[in-house]
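What follows is a short report on a single structure.
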Amino acid sequence: MANTYIACDFGAGSGRIIAGTISQNKIELEELHRFPNRQIKLGNHIYWDFPALFEELKTGLYNAAQKKLNVRSIGIDTWGVDFGLIDKSGNLIGNPVVYRDDRTEGMPGEVFKLIDEQALFNETGIAHWQINTLFQLYSMKHGKSSQLDIAKHLLFMPDLFTYFLTGEVYNEYTIASTSELLDARTKKWSDKIIDILGLPRQVFANIIHPGSICGKLKKEIAIETGLQDVDVVAVGSHDTASAIAAIPALGNNWGFLSSGTWSLLGIEKEQPDFSELARSNGFTNEGGVNNRIRFLKNISGLWMLQRLMSEWEKAGLNCNYDFLFAEAEKATPFKTLIDVNDQSFLNPQSMSAAIQNYCISYALPVPVTQAEFVRCALESLALKYKSAVAQLNQINNFSLEKLHVISGGCQNKMLNQFTANALNVPVIAGPVEATALGNILVQAIAKKEISSMEDGRALVKRSFLVEEYLPGEASGQWEEHCGL
């Protein structure tokens, strides 16, 4: 039988368990299970429902066993920065808190009283976002959380899933790099930063890298799912690291845009960039697969549109994407342009009200119709991409010639065309399931079925079609608005 690898891909909005089978020099994907990922407000905080997510994971593995697939290994990837704490008895100390929780408000200012912003960047290479693990942990210390006192291990979300599957404790490199607590040069924990912040050093586990065998399914999990003693492999466990690993790119001067709830726009590099130009422009150096650096800028992606759609659905309005995009095409171009990264859009009660209040504050035309909101959100996002690419070109002294758009957002045809127009370069959209593919490729390399990431990318190119968007006639109009 052909070899199958199971990718367990958890996004901030939904999760999916996907089987990847390599046969006849191509890779085929089969979705085994898909489920929502809920944020639950309980008391003063917003939590992820980890026990429910773990149950969904086991359901996906059970489905794989029922299909009698020749499963060689399992890999897990998730969103970044969030974590769970394990006590000395091996139990989870409460559900993980969502990065959008307000417990980190004001924490960057408190941290920068202890360490200079530039010095912190020069150690970690990570942009200072208040959602980062560093600020989450310092908020717990600042608030005298008893959880930190009893914690034995800190496990990022993919590490946490692996721990309950195998019983093994580790921190995978790509996910750990998002924390702003890793020394970007040594790729180990920064004892310097941890000591300055007064965090408990003992909770940070050994760092392992993509392609490492973590362990086998625990006996009870193997029996429950029917998969027996399958290996669990550390992949690029930050979902963007896995997605970028699968990009079917050729040549040089190409960039990537991982388009989902967040937009992560950047390039692959051999070494981190600690320059002041990189820091002041908000770029970050996250760990990648194959010892690469993901030099990127974090932009609030389709979150705004997702929240608008959720509001409209509750209000009983038409939420058909084709209908809304067709209506948005008719709306006045560039009527309302906003900063999608503004703090007011991080997690408002009402996204439509937040956008309207922002426009009133800055004396901008206020969107009223659904079409106006959609056009405002997507045009503003494409302009943010344009600004980020201009900075990327300047910092790296090159000219981006092609942008590969991956993950779920690559299906947004309107945004893809806006992006091609705004950047005035071709946009290559796909594959949609890049994250699962990158996850599977690393497993296949670990199991020696694929020899290298280059061969893996060639395998993806042979197996999946992509869609190209060329700059349109309107591309010149975007220059007039690039300062917004």
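As a basis for the values below, the full set of heavy atoms in this structure was taken, side chains included, without hydrogen atoms, waters or symmetry mates. What you see is a predicted model; the values in this text were computed from it and never measured.
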Evaluate side chain to side chain contact (heavy atoms under 4.5 Å, CB included) for F325 paired with K413, printing each intermediate quantity in order. CA-CA 9 Å; F325 291 158; K413 296 179 182 293; over 6 Å; no
Under the criterion salt bridge (Lys or Arg N to Asp or Glu O under 4.0 Å), I'd like the reasoning laid out for K335 against E372: C-alpha separation, chi angles, the key distance, then a yes or no. CA-CA 8 Å; K335 181 179 179 180; E372 289 174 339; 3.2 Å; yes
Could you go through the side chain to side chain donor-acceptor pair (under 3.5 Å) check for E311 and S350 one step at a time? CA-CA 7 Å; E311 285 182 38; S350 165; 3.2 Å; yes
Under the side chain to side chain donor-acceptor pair (under 3.5 Å) criterion, do E172 and H209 qualify, and how do the steps go? CA-CA 6 Å; E172 188 275 328; H209 289 261; over 6 Å; no
Test log, rule ring pair (Phe, Tyr, Trp, His ring centres under 6.0 Å), inputs F345 and Y358: CA-CA 9 Å; F345 304 132; Y358 178 96; 5.3 Å; yes
Run the side chain to side chain contact (heavy atoms under 4.5 Å, CB included) test on I299 and L381 for me, step by step, so that the C-alpha distance in whole Å, both residues' side-chain angles and the decisive distance to 0.1 Å come before the verdict. CA-CA 8 Å; I299 299 167; L381 195 50; 3.9 Å; yes
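Across all their heavy atoms, F135 and Q130 have their closest contact at CB-O, 3.5 Å. Closest heavy-atom contact between I267 and G255: CG2-CA, 4.0 Å. Smallest separation of non-hydrogen atoms from L92 and I86: CA-CD1, 3.9 Å. Closest heavy-atom contact between V442 and G236: CG2-N, 4.4 Å. Between I18 and A436, the shortest heavy-atom distance links the atoms CD1-CB, 3.8 Å. Nearest heavy atoms, T435 versus A243: OG1-CB, 3.4 Å.
Annotation: side chain of S73 is not in contact with side chain of V232 (no heavy-atom distance under 4.5 Å). Inter-residue side-chain proximity for N95 and P51 is flagged as met; some heavy-atom pair is nearer than 4.5 Å. The side-chain heavy atoms of Q370 and W312, taken from C-beta on, include a pair separated by under 4.5 Å. Counting only heavy atoms from C-beta outward, the side chains of M304 and V340 approach each other to under 4.5 Å. At a threshold of 4.5 Å between non-hydrogen side-chain atoms, the residues D183 and E123 count as touching. Inter-residue side-chain proximity for S177 and H238 is flagged as unmet; no heavy-atom pair is nearer than 4.5 Å. Contact check for F121 versus H128: side-chain heavy atoms found under the 4.5 Å cut-off. Put simply, the side chain of W303 reaches to within 4.5 Å of the side chain of R307, judged on heavy atoms.
Considering only residues two or more places apart in sequence or on other chains, Y47 meets the ring-ring contact (aromatic ring centres under 6.0 Å, His included) condition with none of them. In this view, D77 and N439 satisfy the side-chain hydrogen bond (donor to acceptor under 3.5 Å, both in side chains) rule, not counting sequence neighbours. Taking the ring-ring contact (aromatic ring centres under 6.0 Å, His included) definition, one finds that Y385 meets it with nothing, sequence neighbours left out. In this structure F334 satisfies the ring-ring contact (aromatic ring centres under 6.0 Å, His included) test together with W478, H481, sequence neighbours excluded. Residues that satisfy the side-chain hydrogen bond (donor to acceptor under 3.5 Å, both in side chains) test with W262, not counting sequence neighbours, are Y99. Under the side chain to side chain contact (heavy atoms under 4.5 Å, CB included) criterion, E327 pairs with F323, K330, A371, not counting sequence neighbours. Applying the side-chain hydrogen bond (donor to acceptor under 3.5 Å, both in side chains) test to Q306 and every residue at least two apart in sequence or in another chain returns T261. In this view, S310 and K314 satisfy the side chain to side chain contact (heavy atoms under 4.5 Å, CB included) rule, not counting sequence neighbours. The ring-ring contact (aromatic ring centres under 6.0 Å, His included) test applied to H142 returns no partner, not counting sequence neighbours. Q147 meets the side-chain hydrogen bond (donor to acceptor under 3.5 Å, both in side chains) test with no other residue; sequence neighbours excluded.
Around CZ of F112, the count of heavy atoms belonging to other residues, nucleotides or ligands within 6.0 Å exceeds 12. Residue N44 qualifies as open at atom CG: its count of foreign heavy atoms under 6.0 Å is 12 or below. Heavy-atom neighbours of Q271 CD from other residues, nucleotides or ligands within 6.0 Å: at or below the threshold of 12. The environment of CG in L465 is sparse: at most 12 heavy-atom neighbours from other residues, nucleotides or ligands sit within 6.0 Å. Within a 6.0 Å sphere centred on CD of E313, heavy atoms belonging to other residues, nucleotides or ligands number 12 at most. Atom NZ of K58 sits in a crowded spot, with more than 12 heavy atoms from other residues, nucleotides or ligands closer than 6.0 Å. When the shell of 6.0 Å around CD of E401 is examined, it contains more than 12 heavy atoms from other residues, nucleotides or ligands.
A distance of 11.0 Å separates CZ in F204 from CG in L155, rounded to the nearest 0.5 Å. Once rounded to the nearest 0.5 Å, the distance linking CD1 of I76 with CD of Q443 reads 9.5 Å. Here I126 contributes atom CD1 and T284 contributes atom OG1; the two are 3.5 Å apart, rounded to the nearest 0.5 Å. Put simply, SG on C8 and CD1 on I74 are 6.0 Å apart, with the number rounded to the nearest 0.5 Å. W79 CH2 to S237 OG: the interatomic distance, rounded to the nearest 0.5 Å, is 12.0 Å. With rounding to the nearest 0.5 Å, the separation of CG in L181 from CD in Q136 is 10.5 Å.
Between the side chain of S145 and the backbone N or O of K141 there is no donor-acceptor pair closer than 3.5 Å. Side chain of S258 to backbone of I406: no donor-acceptor contact under 3.5 angstrom is found. No donor-acceptor pair under 3.5 Å is formed between the side chain of N285 and the backbone N or O of F295.
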Under 3.5 Å donor-acceptor pairs involving side-chain atoms of residues 419-434, not counting sequence neighbours:
residue	atom	partner	partner atom	Å
T419	OG1	L415	O	2.7
N421	OD1	Q417	NE2	3.0
N421	OD1	G472	N	2.6
N421	ND2	Q417	O	3.4
E433	OE2	R34	NH2	3.3

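Sorted by first and then second residue, the salt bridge (Lys or Arg N to Asp or Glu O under 4.0 Å) pairs involving residues 255-274 (not counting sequence neighbours) are E268-R292, E268-R457, K269-D273, E270-R292.
Paired with F10 under the rule ring pair (Phe, Tyr, Trp, His ring centres under 6.0 Å), one option of F156, F161, F54 passes, and it is F161.
No side-chain N or O of T104 forms a donor-acceptor pair with one of S139 less than 3.5 Å apart.
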